[in-house]
Asks: 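Next up is a structure, given as structure tokens.
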Amino acid sequence: MAKLNFGGTEENVVTREEFPLDKARATMQNETIAVIGYGVQGPGQALNLKDNGFNVIIGQRQDSPTWDKAVKDGWVPGETLFPIEEACQKGTVIQYLLSDAAQIELWPTVKKHLTAGKALYFSHGFGITYKERTGIIPPADVDVILVAPKGSGTSLRRMFLAGRGLNSSYAIFQDATGNAFDRVVALGIGVGSGYLFETTFKKEVYSDLTGERGTLMGAIAGIFEAQYEVLRKNGHSPSEAFNETVEELTQSLMPLVAENGMDWMYANCSTTAQRGALDWKGKFKDAALPVFTELYEEVASGREAQRSIDTNSKPDYRKGLEAELKKLRESEIWQAGQTVRGLRPENQKEKVAQ
């Protein structure tokens, strides 16, 4: 384990140099990893583990679209693909990658197969952190560990196939066997992490819920809509409004920020852009800081988690969700986005080839 120093704050990190893939495979050579759930994180993590030489099986509900997806991805019923309860019985590591709501629903089934010495693996701290609300309380004689890739399962898989890695956090909630650290790091390397940084279940879920509702999705979508709306109200075309709001950011600027940082971006733009960005950055921070403070307090209090649990458990939740997503999908900004994406040169080439 290495230590990184960020302005006086030390962090524990694990890199592939310190814990290479061969060591990870050796650590897990006698283990069967049962990936429960094949929705958001399941496919990317399971396929990466399999391609890296780990013994992986999938547990999924039969006669479901995700069962069919697993078969399409090469998992073989009766060999590497099983009903959930059978996979839980076979696995020495149970990777619990269902949605938070589904984890609550299925917990009694999973818990009875958590025999002494097994490991219960999460990629989100929700179920354990809010255990009084979820009822997910593991037996004392199993390891409880977490690897949380900092991105979607799709991104994890794409970066793996491109020979890259997606950074992940790791945490140990319960070390019953004395081997929880080696297990969690081996699995983190196996799923394709670029490097692993230490956290806790509570810190992971607090930062994750804040990020999802904040700069990763909620806040950025709200900012996109606000700027787009102002431009449209002032006579700008949908194409111009979308390009200036979303396309330039995602296709041109953010890749450069990812490579070099926002400080580099500020130092390498026009003097007009530089001056304006410096002058207005503080105004946006002052406007957003109270919202982020409120958001974090809602997450830390558990109220945000309870809202999710209550909403997701309603019988008509899916119907309402589809209506909300339909409204978002059919809004002018994202209809404009669909058109603009279709005009990108690489997409035009695909149309010509067809």
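Since the model is a prediction, treat every value here as computed from it, not as a measurement. Keep in mind that the numbers below use all heavy atoms, side chains included, and drop hydrogens, waters and symmetry copies.
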Asks: Decide yes or no for V257 and M254: does some side-chain heavy atom of the first lie under 4.5 Å from some side-chain heavy atom of the second?
Replies: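 Sidechains of M254 and V257: in contact.
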Asks: Are any side-chain N or O atoms of T293 and backbone N or O atoms of L289, one a donor and one an acceptor, separated by less than 3.5 Å?
Replies: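 Checking the backbone N and O of L289 against the side chain of T293, a donor-acceptor pair under 3.5 Å is found.
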Asks: Surrounding NZ of K202 (heavy atoms of other residues, nucleotides or ligands, distance under 6.0 Å), is the total greater than 12?
Replies: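 Open: at most 12 neighbouring heavy atoms sit under 6.0 Å from NZ of K202.
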Asks: Could you pull out the closest heavy-atom pair between I172 and F201, with the gap in Å?
Replies: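 Heavy atoms only, the tightest pair is C-CE1, 4.3 Å.
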Asks: Tell me whether the count of non-hydrogen atoms from other residues, nucleotides or ligands lying under 6.0 Å of CZ in R303 goes above 12.
Replies: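 It does: R303 CZ has more than 12 such atoms within range.
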Asks: Nearest 0.5 Å, what's the CG-CE distance between L166 and M159?
Replies: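 Output value for this atom pair is 5.0 Å.
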Asks: Got a second to check how far L81's CG is from D73's CG, nearest 0.5 Å?
Replies: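 Between L81 CG and D73 CG, I get 10.5 Å after rounding to 0.5 Å.
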Asks: Checking side-chain polar atoms at under 3.5 Å, does N52 have a donor or acceptor matched by the opposite partner on R25?
Replies: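 N52 vs R25: no donor-acceptor pair found between side chains.
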Asks: Do the rings of W107 and Y96 sit parallel, tilted or perpendicular, given the 30° and 60° boundaries?
Replies: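 Tilted, since the angle between the ring planes falls between 30° and 60°.
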Asks: Kindly check if the number of other-residue, nucleotide or ligand heavy atoms within 6.0 Å of CZ (R329) is above 12?
Replies: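 Atom CZ in R329 is crowded, with more than 12 foreign heavy atoms closer than 6.0 Å.
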Asks: Where is the tightest heavy-atom contact between V35 and A46, given as atom of each residue plus distance?
Replies: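 So the two residues come closest at CG2-CB, 4.0 Å.
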Asks: Tell me who clusters with L216, hydrophobic residues only, linked when side chains sit under 4.5 Å apart either directly or through other members.
Replies: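 Noted: L216 shares its cluster with M217.
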Asks: Can you list every side-chain hydrogen bond (donor to acceptor under 3.5 Å, both in side chains) pair that touches residues 134-145, not counting sequence neighbours?
Replies: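 Found D143-T177, D143-R183.
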Asks: Would you say V14 and V185 make side-chain contact, with heavy atoms under 4.5 Å?
Replies: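 Contact flag for V14/V185 side chains = yes.
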Asks: Report yes or no: do T199 and S169 form a side-chain donor-acceptor pair below 3.5 Å?
Replies: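 Absent: no donor and acceptor within the cut-off.
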Asks: Can you give the donor-acceptor pairs under 3.5 Å from side chains of residues 112-127 to other protein atoms, not counting sequence neighbours?
Replies:
unit_1	atom_1	unit_2	atom_2	d
K112	NZ	E85	OE2	2.9
H113	NE2	E85	OE2	3.1
K118	NZ	C88	O	2.9
K118	NZ	Q89	O	3.3
K118	NZ	G91	O	2.8
K118	NZ	H113	O	3.0
Y121	OH	Q45	OE1	2.7
Y121	OH	Q95	NE2	3.3
S123	OG	Q45	NE2	2.8
S123	OG	V147	O	2.7
H124	ND1	E204	OE1	3.2

Asks: Which side-chain N or O atoms in residues 276-283 pair as donor and acceptor under 3.5 Å with protein atoms at least two apart or in another chain?
Replies:
unit_1	atom_1	unit_2	atom_2	d
D279	OD1	R275	NE	3.1
D279	OD1	R275	NH2	2.8
D279	OD2	R275	NE	3.3

Asks: S252 side chain to L249 main-chain N or O, any donor-acceptor pair under 3.5 Å?
Replies: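 The answer is no, because no donor-acceptor pair under 3.5 Å joins these two groups.
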Asks: Tell me whether T92 contacts the main-chain N or O of T32 through its side chain, where contact means a donor paired with an acceptor under 3.5 Å.
Replies: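 Yes, T92 side chain to T32 backbone: donor-acceptor pair under 3.5 Å.
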Asks: Just verifying a value: how many Å separate N268 CG and D263 CG, rounded to the nearest 0.5 Å?
Replies: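 That separation rounds to 9.5 Å.
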Asks: Are F160 and W75 joined in one hydrophobic group, where the rule is that I, L, V, M, F, W and Y side chains link up if heavy atoms are under 4.5 Å apart?
Replies: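 No, F160 does not connect to W75 through the hydrophobic network.
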Asks: Would you call E198 and V13 a side-chain contact if the rule is heavy atoms closer than 4.5 Å?
Replies: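 A side-chain contact under 4.5 Å is absent here.
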Asks: So which atom in A87 and which in A34 form the shortest heavy-atom distance, rounded to 0.1 Å?
Replies: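 The pair with the smallest heavy-atom distance is O-CB, 3.4 Å.
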Asks: Just grab all the ring pair (Phe, Tyr, Trp, His ring centres under 6.0 Å) pairs involving residues 42-71, residues at least two apart or on different chains.
Replies: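 Sorted result for residues 42-71: empty, none.
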Asks: Shared ILVMFWY cluster between L47 and V71, side chains joined below 4.5 angstrom?
Replies: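 They do share one cluster, since a chain of ILVMFWY contacts under 4.5 Å joins L47 to V71.
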Asks: So, the side chain of R341 versus the backbone of E247: is there a donor-acceptor pair under 3.5 Å, distance only?
Replies: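 Side chain of R341 to backbone of E247, a donor-acceptor pair under 3.5 Å: no, none is there.
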Asks: For the hydrophobic clusters of this structure (ILVMFWY residues joined by side-chain heavy atoms under 4.5 Å, transitively), does one cluster hold both V110 and I145?
Replies: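 No; tracing contacts between hydrophobic side chains, which count when under 4.5 Å, never links both residues.
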Asks: A quick test of your reading: do over 12 heavy atoms of other residues, nucleotides or ligands sit less than 6.0 Å from CD of E294?
Replies: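 12 or below, so no.
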Asks: Taking the side chain as everything from C-beta on, heavy atoms only, tell me whether F19 gets closer than 4.5 Å to Y195.
Replies: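 No; the side chains remain at least 4.5 Å from each other.
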Asks: How long is the straight-line distance from NZ of K111 back to CD1 of I136, given to the nearest 0.5 Å?
Replies: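 If we round to the nearest 0.5 Å, I136:CD1 and K111:NZ are 10.5 Å apart.
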Asks: Going by heavy atoms in the side chains, are E31 and L187 under 4.5 Å from each other?
Replies: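 Counting from C-beta outward, E31 and L187 never come under 4.5 Å.
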Asks: Which heavy-atom pair separates R213 from S308 by the least distance, and what is that distance?
Replies: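 Scanning both residues, the minimum pair turns out to be NH2-OG, 3.5 Å.
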Asks: As a quick check of understanding, evaluate side chain to side chain contact (heavy atoms under 4.5 Å, CB included) for F242 and I333, giving each step before the final call.
Replies: CA-CA 7 Å; F242 186 84; I333 181 174; 3.9 Å; yes
Asks: Could you tell me whether the side chain of Q174 and the main chain of P139 form a donor-acceptor pair under 3.5 Å?
Replies: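 Between the backbone of P139 and the side chain of Q174 there is a qualifying donor-acceptor contact (under 3.5 Å).
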Asks: Is any NZ, NE, NH1 or NH2 atom of the basic residue among E229 and K233 found under 4.0 Å from an Asp or Glu carboxylate oxygen of the other?
Replies: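 Looking at E229 and K233, the cut-off is met.
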Asks: Is K203 close enough and on-axis enough to Y206, meaning under 6.0 Å and within 45°, for cation-pi?
Replies: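 So K203 doesn't make the cation-pi contact.
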Asks: Centre of F82's six-membered ring, under 6.0 Å away, within 45 degrees of the axis: is that where NZ or CZ of K90 sits?
Replies: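 Yes.
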Asks: Do the side chain of S168 and the main chain of L196 share a donor and acceptor less than 3.5 angstrom apart?
Replies: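 Looks like no, no N/O pair under 3.5 Å.
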Asks: Give a yes or no answer on whether the side chain of E298 reaches the backbone of E304 with a donor-acceptor pair at less than 3.5 Å.
Replies: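 A pair under 3.5 Å: no.
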Asks: So, do K69 and P43 sit near enough that their side-chain heavy atoms are less than 4.5 Å apart?
Replies: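 K69 vs P43: side chains touch.
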Asks: Got a donor-acceptor contact below 3.5 angstrom from the D175 side chain to the G178 backbone?
Replies: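 Judged by distance alone, yes, a pair lies under 3.5 Å.
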Asks: Do the charged groups of K326 and E330 touch, with an N to O distance under 4.0 Å?
Replies: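 Salt bridge: yes.
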Asks: Run the numbers on N48 and L156 for side chain to side chain contact (heavy atoms under 4.5 Å, CB included), then give the verdict.
Replies: CA-CA 8 Å; N48 289 0; L156 183 73; 3.6 Å; yes
Asks: Can you find a pair of side-chain heavy atoms, one from L106 and one from R61, that are under 4.5 Å apart?
Replies: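 Yes, close enough: below the 4.5 Å cut-off.
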Asks: What I want to check is whether the side chains of S152 and S155 have a donor and an acceptor closer together than 3.5 Å.
Replies: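 A pair is found: one side chain offers a donor N or O, the other an acceptor, under 3.5 Å apart.
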Asks: Just wondering, more than 12 heavy atoms not from F284 lying within 6.0 Å of its CZ?
Replies: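 Counting neighbours around CZ of F284, 12 or fewer heavy atoms of other residues, nucleotides or ligands fall under 6.0 Å, so no.
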Asks: Do the side chain of E18 and the main chain of T15 share a donor and acceptor less than 3.5 angstrom apart?
Replies: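 Yes: the side chain of E18 pairs with the backbone of T15.
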Asks: Measure the spacing between CD1 of I84 and CD1 of I94 and express it to the nearest 0.5 Å.
Replies: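 If we round to the nearest 0.5 Å, I84:CD1 and I94:CD1 are 11.0 Å apart.
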Asks: Just wondering, do I104 and I309 contact through their side chains at under 4.5 Å, heavy atoms?
Replies: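 Result yes, sub-4.5 Å side-chain heavy-atom pair found.
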Asks: Answer yes if L209 and Y296 sit in the same cluster of Ile, Leu, Val, Met, Phe, Trp and Tyr residues linked by side chain heavy atoms under 4.5 Å apart, and no otherwise.
Replies: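 Same cluster: L209 reaches Y296 through Ile, Leu, Val, Met, Phe, Trp or Tyr contacts under 4.5 Å.
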Asks: So which atom in P149 and which in Q41 form the shortest heavy-atom distance, rounded to 0.1 Å?
Replies: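 Heavy-atom minimum between the residues: CG-OE1, 3.8 Å.
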Asks: Please check if any side-chain donor atom of E244 sits under 3.5 Å from a side-chain acceptor atom of Y228, or the reverse.
Replies: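 Judged by distance alone, the side chains do not pair up.
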Asks: Grouping I, L, V, M, F, W and Y whenever their side-chain heavy atoms are under 4.5 Å apart, do L97 and V144 come out in a common cluster?
Replies: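 No; V144 is not reachable from L97 via cluster members.
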Asks: Are a donor atom and an acceptor atom from the side chains of S237 and S239 found within less than 3.5 Å of each other?
Replies: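 No, no side-chain donor-acceptor pair sits under 3.5 Å.
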Asks: Only counting residues at least two apart or in another chain, list the ones meeting side-chain contact (heavy atoms from CB on, under 4.5 Å) with Q227.
Replies: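 Per chain and number, Q227 pairs via side-chain contact (heavy atoms from CB on, under 4.5 Å) with L231, T245.
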Asks: Testing the basics here: between A140 and A176, what is the closest heavy-atom pair and its distance to 0.1 Å?
Replies: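 Closest heavy-atom pair between A140 and A176: O-CB, 3.6 Å.
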